[in-house]
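Structure first, commentary second.
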Amino acid sequence: MTTVRELLGEELYAEVADRLGGRSIIVDDGKLIPKHRFDCINISLKEHKQLVSELREKADAYDKAERELQKVKTELDVYNIVMRSRPKNCIAVRANIKVGTLTGKKLERAVNKQLDALRASDPYLFIDDTETVYRLVPVKSGGTTENIQ
């Protein structure tokens, strides 16, 4: 591709530049750039900006969902630990457990420590090893009442 200066020659190029009154000729490394190329680049730039904003929104939504999932996983872990302690009412026992932001082994140790303190202060919330728990079976099933331990 030839340059504008080569197309017009030095004299004509200087004359065109003077007539423009300080405005520059559209030149890219000394080469003439067609207007439609600028239009295409501007349209592409707008589309890319829109795509970036959409991706940011999706990333924010993903991060929020990830945080919610982590909260649910932590709550499930706490309920599993509470259920292993054999409560009479799981919801009542869970209401007395403070978790914070703990996870993993620290969570298990903290919950077990709180469960031990709760078992000492409010033993009526838990099933004793001396208590016998029965599971009732409907008459139509033909089964018998079983002792669960």
Side-chain angles (χ1 to χ4, degrees), residues 1-10 12-129 131 133-138 140-141 146 148-149:
M1 185 179 225
T2 59
T3 64
V4 175
R5 191 169 285 194
E6 291 172 355
L7 286 172
L8 299 176
E10 290 295 328
L12 190 54
Y13 181 80
E15 190 177 318
V16 169
D18 288 338
R19 284 194 126 180
L20 287 174
R23 289 181 290 176
S24 62
I25 301 172
I26 300 174
V27 181
D28 180 24
D29 294 333
K31 298 177 181 171
L32 182 65
I33 299 175
K35 183 180 180 322
H36 72 81
R37 183 170 170 200
F38 276 118
D39 292 341
C40 291
I41 290 172
N42 285 334
I43 291 170
S44 175
L45 178 65
K46 288 178 185 176
E47 289 174 353
H48 282 92
K49 284 182 179 180
Q50 179 68 27
L51 181 62
V52 167
S53 71
E54 289 173 4
L55 288 175
R56 281 188 181 141
E57 290 173 6
K58 287 181 181 179
D60 291 342
Y62 175 79
D63 290 340
K64 183 179 177 183
E66 192 69 32
R67 287 190 300 271
E68 289 296 318
L69 177 64
Q70 189 59 39
K71 286 179 186 177
V72 169
K73 283 182 178 179
T74 301
E75 193 63 27
L76 179 63
D77 290 343
V78 170
Y79 271 105
N80 285 333
I81 296 167
V82 167
M83 290 305 295
R84 279 186 260 142
S85 70
R86 297 182 56 182
K88 288 182 181 176
N89 184 344
C90 176
I91 296 170
V93 172
R94 173 59 186 103
N96 290 300
I97 304 295
K98 308 292 185 275
V99 176
T101 59
L102 300 173
T103 57
K105 293 289 184 187
K106 290 181 181 180
L107 173 71
E108 190 167 352
R109 278 186 288 230
V111 171
N112 282 330
K113 186 176 180 182
Q114 291 179 45
L115 285 170
D116 291 342
L118 191 61
R119 188 181 293 273
S121 66
D122 299 322
Y124 61 87
L125 290 174
F126 299 92
I127 298 171
D128 286 341
D129 292 333
E131 286 184 45
V133 179
Y134 293 96
R135 180 177 65 151
L136 300 177
V137 180
K140 292 181 181 179
S141 69
E146 299 174 7
I148 299 175
Q149 280 289 334

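Since we're looking at a predicted model, the values are computed, not measured.
Between C90 and P87 the shortest heavy-atom distance is CA-CG, 3.9 Å. V82 approaches L115 most closely through the heavy-atom pair CA-CD1, 4.2 Å. Pairing each heavy atom of K88 with each of I127, the nearest pair is CG-CG1, 3.8 Å. For the pair R119 and F126, the tightest heavy-atom approach, listed with the atom from each and the gap, is NH1-CB, 3.5 Å.
Under the salt bridge (Lys or Arg N to Asp or Glu O under 4.0 Å) criterion, the residue pairs touching residues 67-85 are E68-K71, E75-R94, R84-E108, with sequence neighbours excluded.
Residues forming a side chain to side chain contact (heavy atoms under 4.5 Å, CB included) with A92 (at least two apart in sequence, or on another chain): N89, L125. Listed by chain and residue number, S53, E54 satisfy the side chain to side chain contact (heavy atoms under 4.5 Å, CB included) test with Q50 (two or more places apart in sequence, or in another chain). Annotation: side chain to side chain donor-acceptor pair (under 3.5 Å) contacts of E66 (sequence neighbours excluded): Y62. Every residue meeting the side chain to side chain donor-acceptor pair (under 3.5 Å) condition with S44, not counting sequence neighbours, appears here in chain and number order: H48.
Counting heavy atoms from C-beta outward, V52 and R56 have side chains that approach closer than 4.5 Å.
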> Where do L51 and E47 land on the side-chain contact (heavy atoms from CB on, under 4.5 Å) test, with the steps shown first?
Replying inline: CA-CA 6 Å; L51 181 62; E47 289 174 353; over 6 Å; no
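I91 CD1 to N96 CG: the interatomic distance, rounded to the nearest 0.5 Å, is 12.5 Å. With values rounded to the nearest 0.5 angstrom, L118 atom CG is found 12.0 Å from N112 atom CG.
Counting heavy atoms of neighbouring residues, nucleotides and ligands inside a 6.0 Å radius, atom CG of L45 exceeds 12 of them.
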